[in-house]
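Read the structure below first, then the notes.
One-based numbering, in listed order, for ligands and for the atoms of each.
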Amino acid sequence: MKQRLQKLIAAAGLASRRQAEDWINAGRVTLNGRVASLGDRADLEKDCVQVDGRSLEAGQPRVYLLLNKPVGYVTTARDPQGRSLVTDLVRDVPVRLFSVGRLDLNTDGLLLLTNDGALAARLTHPRHRVAKTYLVRVRGALSSEARQRLEGGVELEDGPTAPARISRVRLAGSHTWFELTLYEGRNRQVRRMCEVVGLPVSRLKRIGLASLNLEGVRVGHYRHLTAGEVARLKRL
Ligand code: URA
């Protein structure tokens with residue numbers, strides 16, 4: 001079935017439809033060897049569509065998105081309580097995506113969405129110790145004893161936590177901000193760890209995952225990972 005080129009390019013995970021339209025207008029896209037125009041349609045089983053000289057493949061494309069999740073969205077595929085889903089924020093990507101790991105309803109920040117199950121499994125498996133960095137605000141002051149416990153491992157009901165790293169500690173009135181890097185990912189782990197040391201979390205944002213961060217991505221928006229970023233994640 002023939003489809004508009006911008007739709008095919010977006011479905012291949014290379015760009016949003018809007019970006020793809022810009023690429024077509026800029027002459028970066030060819031259809032069967034000729035520079036394509038906006039409105040052209042193609043069937044990847046029969047036609048050759050190239051972006052910057054590289055062909056789009058037929059078949060299910062892999063898509064990798066970095067979303068800046070807002071508070072108030074759930075990361076599950078559906079929600080019986082009818083709350084907003086993170087996939088609502090990527091509706092213009094015509095592929096079924098799921099999130100890599102979870103963020104709580106009240107946690108915002110960096111979330112990967114993909115349809116690449118193998119990569120998602122690698123990134124979430126504790127064996128690979130993928131770094132996840134959170135900006136945390138707790139009620140109270142972070143004593144050196146609490147810091148040592150959080151970094152060294154605390155006992156949770158599902159077992160002791162692995163060594164973690166704390167940096168950029170800043171006291172602000174009755175609260176403390178710090179960055180906490182974990183190398184595992186259990187359900188509500190940051191909140192539970194902080195609770196155990198007597199520091200209830202009042203704000204939680206994921207700001208890093210492996211070498212990725214939120215730079216340039218506004219809350220509620222997403223960007224496609226570059227081919228280099230995907231390759232780096234696959235090497236982890
Ligand atoms: N830890 C938590 O407690 N919540 C999250 O959403 C992520 C990590």
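A 4.5 Å side-chain heavy-atom check between Lys132 and Gln189 finds every atom pair outside the cut-off.
Scanning for side chain to side chain contact (heavy atoms under 4.5 Å, CB included) contacts around Phe98 gives Thr114, Ala120, with sequence neighbours left out. Contacts of Ala141 classified as side chain to side chain contact (heavy atoms under 4.5 Å, CB included), with partners at least two apart in sequence or in another chain: Leu171, Thr176.
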What are the distances between nitrogen or oxygen atoms of ligand 1 and protein nitrogen or oxygen atoms, counting only those under 3.5 Å?
residue  : atom  : partner : partner atom : Å
ligand 1 : 1 (N) : Gln189  : N            : 3.4
ligand 1 : 1 (N) : Val190  : N            : 3.1
ligand 1 : 3 (O) : Arg188  : O            : 3.2
ligand 1 : 3 (O) : Gln189  : N            : 3.4
ligand 1 : 3 (O) : Val190  : N            : 3.2
ligand 1 : 3 (O) : Arg191  : N            : 2.9
ligand 1 : 4 (N) : Asp104  : OD2          : 2.7
ligand 1 : 6 (O) : Asp104  : N            : 2.8
ligand 1 : 6 (O) : Asp104  : OD2          : 3.4
ligand 1 : 6 (O) : Thr107  : OG1          : 2.9

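Within the hydrophobic cluster formed by Ile, Leu, Val, Met, Phe, Trp and Tyr side chains joined at under 4.5 Å, directly or through other members, Leu85 is accompanied by Val74, Leu105.
Ion pairing between Arg18 and Asp92 fails under the 4.0 Å rule for side-chain N and carboxylate O. Ion pairing between Lys205 and Asp108 holds under the 4.0 Å rule for side-chain N and carboxylate O.
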